[in-house]
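Please read these numbers as outputs of a predicted model, since none were measured by experiment. Count residues from 1 along the sequence. In each ligand, atom 1 is the first atom listed, and ligand 1 is the first ligand listed.
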Amino acid sequence: MEKTPYRKTDKTISHLNRQYGRMFRKAAAFDELNIIDISHEIYDEAYELAEQEAIRLVRSVYGSYSRDEAAAAAFDPVAFVLALVLAYNPVTKYVFKNEIDRKRARFAESMLAGTLPSEEIARAKRLLAATNAQFMDDVTFDTLIQAYRDNGAEKVRWVTAVDDRRCKQCAARHGKIYPINNVPAKPHIHCRCWIEEVAE
Ligand SMILES: [Zn+2]
């Protein structure tokens, strides 16, 4: 099996997944007066951690795939992530930072409207975890493109994961060659396809 760039991504996602329980513990003491504040505390912390971990992930992925020392020295993982959190994502069809705040607002509403707070908390944790995991996948893919571009690659080859998580929608793209400046967006969320540099 080919080496997937998402192994680092999986580690980042697992690390984040271990934090949500602790973060949402604050919600146990909610009432209608403090739920907005509590929701901000939880989601601000979650957002900041995701941003931090994304920067770490970008640094790591870029470091593994970059071969141009001068470009690597000039590459700024912090600026790269700060741009991505504010960018419209054609795969998810939202801006990551806005989506986190939308999830926060919905969580606060659901805590007030719901009959079982523990279920609302469990659902909010799942949704937040999924949004963050998707972001880490997209960050990984975009970092690959950046590293290859900095390496001077002009073309890349689409690679579809050949395992039980393989996405059928992507099979048609397997092996296709794209110009580095015209790599199509992934066709669906949870896509774990990646790209490889094509030697000229
Ligand atoms: Zn795919």
>> For a quick test of reading the model, state the closest non-hydrogen atom pair linking N132 to A50 and the distance between them.
In response: OD1-CB, 3.7 Å
> If you take all heavy atoms of Y65 and T4, which pair is closest and at what distance?
Replying inline: OH-C, 4.5 Å
> Can we say R7 and D10 salt-bridge, meaning some charged N sits less than 4.0 Å from an Asp/Glu carboxylate O?
Replying inline: no
>> Quick one: does any side-chain atom of E154 pair with a main-chain N or O of I180 as donor and acceptor, under 3.5 Å?
In response: no
> Protein N/O/S atoms under 2.8 Å of the Zn ion (ligand 1)?
Replying inline: C167 SG, C170 SG, C191 SG, C193 SG
> Between the main-chain N or O of Y20 and the side-chain N or O of K125, is there a donor-acceptor pair closer than 3.5 Å?
Replying inline: no
> With a 4.0 Å cut-off, would you call R56 and E53 a salt bridge?
Replying inline: yes
